[in-house]
Amino acid sequence: MADPFYLTTAIHYPNGRPHLGHAYETVAADVLARFQRARGRDVRFQTGTDEHGLKMAQKARDLGITPRALADEMSGHFRDLFDVLGISYDRFFRTSEDAHHLASQALWQAMEANGDLYLDRYEGWYSVRDEAYYDEAELTIGEGGEKLSPQGTPVEWTAEESWFFRLSRYQEPLLALLRDNPEWVRPDRSRNEVMRFVEGGLNDLSVSRTSFDWGVKVPGADEHVMYVWVDALTNYLTGIGYPDDKATFEKFWPADLHLIGKDIVRFHAVYWPAFLMSAGLPLPKAVFAHGFLLNRGQKESKSLGNVTDPLALAERFGVDVLRYFLLREFSFGQDGTWSPEAIISRANAELANSFGNLAQRVLSFIAKNCDGEVSAQGEPTEADRALQDKVGHACSIELPEAFERLAFAAGLEAWMQAVFACNAYVDEQAPWALRKTDPVRMQTVLHVLCDCIRRLAIAVAPVVPSAAEQLLDALTIPDDRRNFGSLADDTPLSFQIDKPVPVFPRLDLGA
RNA sequence: GGGCCUGUAGCUCAGCGGUUAGAGCUGGCCGCUCAUAACGGCUAGGUCGCGGGUUCGAAUCCUGCCAGGCCUACCA
């Protein structure tokens, strides 16, 4: 049976429409999911929306609709976006699902049974906007004499009964986890952040609210709803059947990777493992925090009015182009800067001119001059072997090795080098000259090139699935010969080529 | 305020103690004509944020400062 691979994105908070950052994280996860499937893993890939919490309740109130209606609408936008982007999720998760409430309560009860939950009283200056309590000393006075949080949001004196989680118990176990598994949280930036936070001492965590009811009810205390992060994190369990579907759950848990943004590292690398330890469940194998994308070097925000709709980018440039750009342009884990010009430049140089045109010049030559069929007829030369070695190494070794460590840009860089080598080979071998002088040799050259294109397309398919599929169709490669295992296949004896169509059209700025 | 991260050719990035600091894009020159005016070859271009220090030797280590980001903080 295939080796399971369970991968998650963070579930997205749908108090607004999805932005490019949501697309970035989810596309990256999708590439990894497709990559692992093509390597033969039994992949379970989950994304979704995190719909509870005060901010959703308030936003709904402002709009005069129910939180449920707001969640339905906004979650739909996320799902639509992901469908357009070709996200191959196995499960689109919503925390408002009934099963999730039951699962969160089950987790809660497991933590309670372990003696880690207790009722206490919480009071202080509470900012609804920040969803946080502040100390008196932190407050400032606004123009009208009202008290403001450090973020400048209004605060009100609030007292509520709250359940607390004994996070303080888990300081040592967490430190041991981080010490003994240096790769558990990546990159190092995030690991450092977590280490320092835990070393600084952990206070018990307030994990329930009574000031609103849009959330998961605390078992046996109906007036409380769970703190959003408790039920949000639980989605990783619920989505694979916790607690009732033991077969599915045990197959996929613990997760192989939680892919998240760098801003929510603490929740995933401190609170989450503590909850799981408390409930007696195994911990996920790894957490990876990606960087943020900056629009021409600036953070996108509503107040700056520079928020990009990822759907518009996908429509303007194409889904495959956008996916390729997102993974190729940035060092995953670090922040990156993008612009429409950068997308066009990258797409034209690498996808249209280098790879797309390579396929087009070879396939269309075959369609025109060989009646659409090529086969190996002569002995391979040194140049043939050198090219095939280069392409084979890039596709079977370099790209997979890089993708395994989430170094997508490095993997695609190695892949591009192989594409360059193919174009150089075409020029050196000049099949258009061989057509007149040595048709047998011409067949061999074209045959080598078809096989290289086949392997390049298979390797890059997780990133640009539609275009790769078109190319493999054009080469008449069977569906079950399109995975990484097939890279090592013996070259097909012959290739049948229909009249090809360019798979990556050139883009221009006016478009 | 503290911690961590980032700052390398016009642009996006790699290099993270050791020969003349690399790649791609952009620019210039040459070649080719199969191809999406695409491809190939050559070439131009850098005070490695700034100032100190360690070392035979630093973009690479230490320190101070500047700019941006993330996390965090009882600092009136």
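Reminder, nothing fancy here: chain letters follow the sequence lines and each chain counts from 1. What you are looking at is a predicted structure, and each value in this text was computed from that prediction instead of being measured.
Considering all non-hydrogen atoms of both residues, A:Lys262 and A:Gly291 come closest at CD-CA, 4.4 Å.
Distance CD1 (A:Ile497) to C1' (B:rA35): 15 Å, rounded to an integer number of Å. One can place CD1 of A:Ile260 at 12 Å from C1' of B:rC70, the figure rounded to the nearest angstrom. Taking atom CG of A:Asn353 as the reference point, atom P of B:rU26 lies 8 Å away to the nearest angstrom. If you take OH of A:Tyr271 and P of B:rC71, they are 13 Å apart, rounded to a whole angstrom.
Here A:Arg506 reaches the OP1 or OP2 of B:rA38: one of its side-chain N or O atoms lies under 4.0 Å away. Between A:Lys262 and B:rC4 there is no side-chain N or O to OP1 or OP2 distance below 4.0 Å.
Across every strand in view, B:rA23 sits in a pair with B:rU12 that passes the Watson-Crick or G-U test at under 3.5 angstrom. Nucleotide B:rU63 forms a Watson-Crick or G-U wobble pair with B:rG51, both donor-acceptor distances falling under 3.5 Å. For B:rG31, the paired base is B:rC39 (Watson-Crick or G-U wobble, both distances below 3.5 Å).
In this structure, A:Pro502 reaches the bases: a heavy-atom distance under 4.0 Å links it to at least one base atom across the strands shown. Counting any heavy atom pair closer than 4.0 Å across all strands shown, A:Val362 reaches no nucleic acid atom.
A:Phe365 does not qualify as a stacking partner of the B:rC34 base, lacking a centre-to-centre distance under 5.5 Å together with planes within 30°.
A donor and an acceptor atom sit less than 3.5 Å apart, one in the side chain of A:Asn357 and one in the base of B:rA35. With hydrogens and angles ignored, no donor-acceptor pair under 3.5 angstrom links the side chain of A:Arg189 to the base of B:rC5.
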Between the protein and nucleotides 10-15 of chain B, list the N/O to N/O atom pairs that are separated by less than 3.5 angstrom.
| residue | atom | partner | partner atom | Å |
| --- | --- | --- | --- | --- |
| B:rU12 | O2' | A:Glu329 | O | 3.2 |
| B:rU12 | O2' | A:Glu329 | OE2 | 3.3 |
| B:rA14 | OP1 | A:Ser331 | OG | 3.3 |
| B:rA14 | OP1 | A:Gln334 | OE1 | 3.2 |

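Mapped onto RNA chain B by nearest heavy atom, A:Gln417 and A:Asn192 fall at different nucleotides, with A:Asn192 at the one closer to the 5' end. Residues A:Asp263 and A:Ala421 both approach RNA chain B. Their nearest nucleotides, taken by heavy-atom distance, put A:Ala421 toward the 5′ side.
A 4.5 Å side-chain heavy-atom check between A:Leu358 and A:Asn353 finds every atom pair outside the cut-off.
For A:Gln360, the side-chain atoms get nearest to B:rU36 when compared with the rest of B:rA23, B:rG40, B:rU36.
Between B:rA23 and B:rA14, the distance separating the two P atoms is 16 Å to the nearest Å. Distance noted for atom P between B:rA44 and B:rC5: 37 Å (whole Å). One C1' atom belongs to B:rG49, the other to B:rU8, and the distance between them is 10 Å to the nearest Å.
Using a distance-only test at 3.5 Å, with no hydrogens or angles considered, a donor-acceptor pair links the side chain of A:His52 to the main chain of A:Thr95.
Here A:Asp116 contributes atom CG and A:Leu205 contributes atom CG; the two are 12.0 Å apart, rounded to the nearest 0.5 Å.
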